[in-house]
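Chain A is the first sequence line, chain B the second, and so forth, proteins listed ahead of strands; every chain is numbered from 1.
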Amino acid sequence: MSTRVRVRFAPSPTGGLHLGGVRTVLYNYLFAKTHGGDFLVRIEDTDQNRYVPGAEEYIFNTLKWCGLEPDESVQHGGAYGPYRQSERKESYRQYAEQLVKDGYAYYAFDTPEELEKMRQEFRTEQNPSPQYDHSIRIKMRNSLTLSTNDTKRLLDEGVKHVIRIKIPENETVSFTDMIRGEVSFDTSTVDDKVLLKADGMPTYHLAVVVDDYLMKISHAFRGEEWLPSAPVHILLWKYLFRLDNMPQWAHFPLILGPNGKLSKRDGAKYGFPVFAMNWTDPKTGELTEGFKEKGFLPDAFINLLALLGWNDGTEQEIFTKEELVEKFSMERVHSAGAKFDYEKAKWFNHEWIKKLEVSSLRFEVGELLKKSGFIVSNEDYLNKVIQLVKDRCTLLTDFVQQSSFFFKAPEVLDIDAVKPKWNEAKQLFFAELIRNYELSASWDAHTLENNFKEIAAVNDLKPGELMLPFRIMLVGGKFGPGVFDIAELLGKDETIRRIQKALTIF
RNA sequence: GGCCCGUUCGUCUAAGGGCUAGGACACCACCCUUUCACGGUGGUGAUACGGGUUCGAAUCCCGUACGGGCUACCA
């Protein structure tokens with residue numbers, strides 16, 4: 001018996017990957033790494049109607065950005081391929097047929113119209129959505145109600161049909177969920193799910209069981225929305241591969257938005273990203289913003305996701321990926337859903353920006369500045385700028401606003417902040433400051449500040465009244481690091497140039 | 001409607017029978033700061049409700065309420 005830990009993330013390529021999806025990846029990844037096992041990605045593209053070009057590539061790009069690279073996948077290779085279900089199509093039919101042969105499944109010839117008619121017919125106040133279950137199947141067109149000959153004839157004629165699981169009556173199916181403990185279902189309330197569709201493709205239910213078996217998955221983790229279909233999967237394991245080969249299950253709590261399961265719409269409505277990275281719908285051209293482009297660091301993104309439903313029992317909140325791998329345990333994953341709080345998410349990112357070295361930030365920030373039209377030629381200068389402003393940036397994109405004046409003189413000055421209190425004496429002070437600074441032998445923040453205050457004292461002016469105007473001259477607005485630090489970094493020529501220019505405006 | 005899961009400050013959570021229910025985000029106040037932030041100190045604020053079990057319950061059991069998920073030839 002193989003005891004190696006093997007887990008999988010099995011997305012269907014239908015669009016952007018959202019928070020919950022990435023967290024599922026994360027917990028899978030952490031569990032695999034914590035136990036020295038394998039993490040693989042299997043593309044569940046059995047629904048050809050929902051196929052979206054580019055979505056698969058997007059998923060892998062996202063995993064790469066997050067630093068959660070699979071050990072096996074379509075892109076990474078591996079010994080258990082193919083890793084795309086559409087390419088495994090042929091293998092599913094035989095399992096479905098085997099189930100029919102063993103009496104655990106049956107052919108159903110009902111057309112979509114007939115199914116719709118059935119739902120209309122049996123719909124009542126008490127039962128608004130009738131299911132194709134043990135009580136209904138005897139009234140439908142399938143190999144259970146048709147004679148053997150009729151069934152054979154229809155099959156031979158190539159009539160479109162599906163294969164449905166025949167759920168037993170009055171049985172209790174139970175299993176132990178690693179997060180929730182024992183969960184059980186009365187099979188009489190479970191419907192006869194379609195296993196193999198009319199186009200020959202399996203549904204999720206068949207595919208997940210067959211593939212988890214074939215790929216030797218030891219632990220199957222997924223979102224809580226799958227809990228209701230667990231009995232179908234358990235039964236399939238029992239009928240097909242024996243229960244003692246079945247992986248251990250865990251159903252993660254949902255990540256909730258302001259109203260229920262977090263959706264793409266929530267993001268648009270409440271102004272925060274839901275997808276990991278930008279996603280453009282190829283059909284509509286609609287762009288949905290991602291955490292990456294919003295200015296989140298991958299380390300912070302992983303960190304905040306990990307803590308949404310898990311903690312290590314201490315008061316630590318900032319974790320590196322390595323620490324998470326070291327400390328993660330499925331037993332400490334919460335069972336209740338967690339409402340996503342964007343403010344806290346930003347706090348995580350801020351903490352990470354403060355924590356990270358300038359060298360880790362430089363590339364991203366440099367790119368961002370260049371993209372915004374600033375000329376960044378001097379690496380050393382950029383490093384100093386980042387060091388000076390990083391503590392006041394919550395998002396990576398904040399660096400642009402917080403440091404723009406280091407690369408380009410402000411075009412508009414916040415004159416209103418200065419003008420009402422501006423007077424002749426201040427004008428003269430800055431004229432003298434220019435002369436002083438021009439002659440100054442050293443150009444460091446400390447000297448600059450001392451000289452500034454000396455001149456103010458000599459002229460009987462309060463430094464406080466002068467520093468704001470000085471800031472406006474250099475920065476353009478009421479923000480930024482210490483004004484003398486700015487002047488030091490800007491250099492003598494540029495500082496004086498900005499004072500001179502401002503004096504003509506004030 | 002049925003089935004399943006869940007319920008500790010506004011939000012994320014700690015406390016897995018025993019101290020004034022702890023921390024973080026957010027919010028408020030003060031300090032620091034001659035800008036804005038960072039930072040520091042303090043504050044507001046929770047065990048859904050009702051029954052049990054127990055010397056003792058946020059914790060175990062039952063019920064109710066509320067929330068969420070599922071109820072497709074989608075995943």
For A:D199, is there an ion pair with A:K160 - N to carboxylate O distance below 4.0 angstrom? no

Are OP1 or OP2 of B:A37 and a side-chain N or O of A:H350 less than 4.0 angstrom apart? no

Heavy-atom contacts under 4.0 Å between residues 469-476 of chain A and RNA chain B, which residues? A:R471

If you measure only the distance, is there a donor-acceptor pair under 3.5 Å linking the side chains of A:Y132 and A:N142? yes

Sorted by number, residues from residues 251-264 of chain A placing a heavy atom under 4.0 Å from RNA chain B are A:L254, A:G260, A:K261

Going by the rule ring-ring contact (aromatic ring centres under 6.0 Å, His included), which residues pair with A:W237 if we only count those two or more places apart in sequence or in a different chain? A:F241

Determine the contact category for A:P11: base if any of its heavy atoms lies under 4.0 Å from a base atom, sugar-phosphate if only primed atoms, P, OP1 or OP2 are that close, otherwise nothing. nothing

Which nucleotide in B:C4, B:G6, B:C70 has an atom nearest any side-chain atom of A:P228: B:C70

Would you please test A:E97 and A:R93 for salt bridge (Lys or Arg N to Asp or Glu O under 4.0 Å) and show each step? CA-CA 6 Å; A:E97 298 281 3; A:R93 173 136 220 140; 3.0 Å; yes

Between A:D444 and A:T447, a side-chain donor and acceptor under 3.5 Å: yes

Set of ring-ring contact (aromatic ring centres under 6.0 Å, His included) partners for A:F122, sequence neighbours left out: none

Answer with base, sugar-phosphate or nothing: what part of the nucleic acid does A:T124 contact at a heavy-atom distance below 4.0 Å? nothing

Which atoms of nucleotides 21-29 of chain B (N or O only) lie under 3.5 Å from a protein N or O atom, and what are those distances?
| from | atom 1 | to | atom 2 | distance (Å) |
| --- | --- | --- | --- | --- |
| B:G22 | O2' | A:E315 | OE2 | 3.3 |
| B:G23 | O4' | A:E315 | OE2 | 3.2 |
| B:A24 | O4' | A:E317 | OE1 | 3.0 |
| B:A24 | O2' | A:E317 | OE1 | 2.6 |
| B:A24 | O2' | A:K344 | NZ | 2.8 |
| B:A24 | N3 | A:K344 | NZ | 3.1 |
| B:C25 | OP1 | A:W347 | NE1 | 3.3 |
| B:C25 | O2' | A:K344 | N | 3.4 |

Would you kindly say whether A:H251 and A:R222 are connected by a side-chain donor-acceptor distance under 3.5 Å? yes

Would you tabulate the nitrogen or oxygen pairs shorter than 3.5 Å linking the protein to nucleotides 61-66 of chain B?
none

Less than 3.5 Å apart, any donor N or O on the side chain of A:Q94 or A:Q98 sitting next to an acceptor on the other? no

Classify the nucleic acid contact of A:G223 as base, sugar-phosphate or nothing, counting any heavy atom under 4.0 Å across all strands shown. nothing

What is the minimum heavy-atom distance between A:H134 and A:S188, and which atoms define it? NE2-O, 3.4 Å

